[in-house]
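Keep in mind it's a predicted model, so treat the numbers as computed, not measured. Atom set for the values below is all heavy atoms of this structure, side chains included, hydrogens, waters and symmetry mates excluded.
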Amino acid sequence: MDRDSLIFCIGSLAVSLLVAVVAFPFMAMDEDIVEKAATPQPAYEMGTVDVGKGFGELPVEELMAYYVDNPPAAAASGAAPIVRFGGC
């Protein structure tokens, strides 16, 4: 590798690292949001979720009740798992 290429690679890495260090505080989540996300919340406090595709907004409590009443079917042995609920 010649000298110009080496200078360019090191310079690019340095600029990328500098941009990441400067931009991280602006892009990071606030500590109170991180704490709230790490603490389990009751379903009735979560409000409603827009599930789309013509279903509109539904309360999280109703979604969880439906999931408990209608659990996903177990996959046959050796088959790929069946994923029907893409929630939390």
Side-chain angles (χ1 to χ4, degrees):
M1 201 187 284
D2 62 358
R3 184 173 185 231
D4 291 337
S5 297
L6 190 59
I7 291 172
F8 175 76
C9 288
I10 292 171
S12 296
L13 288 172
V15 169
S16 298
L17 182 62
L18 180 66
V19 168
V21 167
V22 170
F24 182 78
F26 297 106
M27 302 301 159
M29 290 179 15
D30 295 330
E31 287 185 29
D32 58 332
I33 294 174
V34 173
E35 287 177 14
K36 187 173 181 182
T39 306
Q41 303 290 323
Y44 59 85
E45 287 185 7
M46 292 185 184
T48 60
V49 176
D50 185 8
V51 292
K53 295 184 182 179
F55 293 107
E57 291 189 354
L58 294 172
V60 173
E61 192 171 14
E62 184 177 323
L63 292 171
M64 292 305 297
Y66 179 81
Y67 182 72
V68 168
D69 292 340
N70 303 292
S77 64
I82 299 173
V83 179
R84 296 184 187 202
F85 181 69
C88 301

Criterion side chain to side chain contact (heavy atoms under 4.5 Å, CB included) against I10, the qualifying member of L6, I7, L13
L6
Locate the shortest heavy-atom distance separating Q41 from M46; write the atom from each residue and the value.
O-CE, 3.5 Å
Straight-line distance of E35 CD to D30 CG, nearest 0.5 Å
10.5 Å
Which pair of heavy atoms, one from D2 and one from S5, lies closest together, and at what distance?
OD1-OG, 2.7 Å
Smallest separation among heavy atoms of T48 and E57, with atom names
OG1-OE1, 3.3 Å
Gap between atom CG of L17 and atom OG of S12 - 0.5 Å precision
12.5 Å
More than 12 heavy atoms of other residues, nucleotides or ligands under 6.0 Å from CD of E45: is that the case?
yes
